[in-house]
Amino acid sequence: MTDSPHPQPLDGNEMPRFGGLATFMRLPGRSEPADLDVAVVGVPLDIGTSNRPGARYGPRSIRAESVLIRPYNMATRAAPFDSLRIDDCGDVAVNAFSLADSVTRIEAHYDMLLAGDVVTATMGGDHTIVLPILRAMARRFGPVGLVHVDAHTDINDSMFGEQIAHGTPFRRAVEEGLLDCGRVVQIGVRGTGYTADDFDWSRDQGFRVVQVEECWHRALGPLMDEVRDRIEGGPVYLSFDIDGLDPAFAPGTGTPEIGGLTAVQGLEIIRGCRGLDLVGVDLVEVSPAYDTSGNTALVAANLLYEMLCVLPGVDRRG
Ligand code: MN
Ligand code: MN
């Protein structure tokens, strides 16, 4: 229990966890974004997907599985809801008939949120959504650093002839000057490519590319020490594609690749971002139709919670 004046998750001893409105972590969901420090936002878009669709249902499933999460982090002692004003601000009204219009709408929505000086914590949606979000971030902060966890680098020039899709956002972001390329790290990339040098485009931009083999059988604390050294000193965006994790932990996603990060390594990466000037975070590509146990959305909800725990201004108790 807490005497904090900030919006609080509904206590499981006041209303059973399976009851009540399905906001993220059972937050009140009644705040004006401008009154908050952190806005949790859903972007239910999946028409940028190349393979299995369904990420439009990601925010809803993440909210549903997030009911189990309690407010205090027992590992790090973080107290995000006592430290910051955090609430679920609902979803962006995307246009299911137009990817281009959806991108415009997302960008306008994030311009509005950032004008209120909030950190955004986004539930996707496919990875297309990070492009309009980064456009809004760069307009507000200038080019940002990036921690990008993913099985894929998402730097295709085009997909089926289209410039905007879930596999192209970071190529467009570089072209548009949205990223501070020397402060970009891609972690967990793997699998098969169209050419053997697919990942080299990222390296040619100055990104640090951590192929998953560099993570296998390892604790990631030392890697995250290196990441922080490389990208601290300016605003940072954290984008976590759930397919960065192995399909054993997160099968409910559109383009799964074997040999991925463990759930524990996902925690190590996020906890290793503490101390960075995070201006926005996201968790994307949860597709509940392939998530028969709900475990992918449960993992996603917990990872998003862990992101809240490392935002600037979050105190640790005890
Ligand atoms: Mn991705
Ligand atoms: Mn991916």
Side-chain angles (χ1 to χ4, degrees), residues 43-56 58-59 62 99 102-103 106 122-135 137 146-160 162-174 178-179 184-194 198-199 201-202 205 207-213 215 237-263 265-266 269-270 280-291 296-297 299-300 303-304 307:
V43 186
L45 177 96
D46 66 2
I47 56 175
T49 309
S50 55
N51 190 39
R52 301 169 173 175
R56 68 179 60 184
I62 292 168
L99 186 56
S102 292
V103 165
I106 296 164
T122 301
M123 302 175 279
D126 74 53
H127 224 155
T128 312
I129 68 173
V130 78
L131 177 63
I133 293 172
L134 286 174
R135 285 174 175 163
M137 293 284 164
L146 174 72
V147 177
H148 171 208
V149 183
D150 204 320
H152 315 96
T153 48
D154 292 351
I155 50 77
N156 291 288
D157 184 35
S158 65
M159 300 183 87
F160 219 80
E162 298 294 328
Q163 301 286 299
I164 304 285
H166 79 153
T168 68
F170 300 108
R171 170 82 65 138
R172 297 288 93 75
V174 169
L178 312 180
L179 298 176
V184 174
V185 181
Q186 298 186 298
I187 304 173
V189 299
R190 61 186 186 273
T192 48
Y194 286 110
D198 272 2
F199 294 157
W201 188 89
S202 288
Q205 311 314 307
F207 297 3
R208 167 79 160 97
V209 179
V210 183
Q211 292 186 228
V212 76
E213 289 79 5
C215 304
Y237 189 85
L238 168 59
S239 189
F240 200 120
D241 183 328
I242 197 69
D243 73 28
L245 299 189
D246 191 83
F249 301 97
T253 193
T255 42
E257 307 282 356
I258 70 164
L261 301 167
T262 66
Q265 289 176 319
I269 291 167
I270 294 169
V281 298
D282 70 45
L283 193 298
V284 299
E285 297 281 2
V286 172
S287 183
Y290 309 98
D291 191 23
T296 310
V299 170
L303 293 180
L304 196 64
M307 293 180 198

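Every number for a ligand or one of its atoms is a count from 1 in the order of the listing. Every heavy atom of this structure was used, including side-chain atoms; hydrogens, water molecules and symmetry mates were not. Because the structure is a prediction, the values reported are computed rather than measured.
- Between Asp282 and Ser239, the side chains place a donor N or O and an acceptor N or O closer than 3.5 Å (distance only, hydrogens not considered).
- Counted by atom type alone, His152 and Asp150 present one or more donor-acceptor pairs between their side chains at under 3.5 Å.
- Proximity of a side-chain donor or acceptor of Asp154 to a complementary backbone N or O of Pro169 within less than 3.5 Å is not detected.
- Annotation: angle subtended at the Mn ion (ligand 1) by Asp154 OD2 and His127 ND1 is 90°, to 10°.
- At the Mn ion (ligand 1), the angle from OD2 in Asp150 to OD2 in Asp241 is 90° when rounded to 10°.
- Contact detail for Ile62 and Gly124: the closest heavy-atom pair is CD1-O, 4.3 Å.
- Angle ND1(His152) to the Mn ion (ligand 2) to OD1(Asp243): 100° [nearest 10 degrees].
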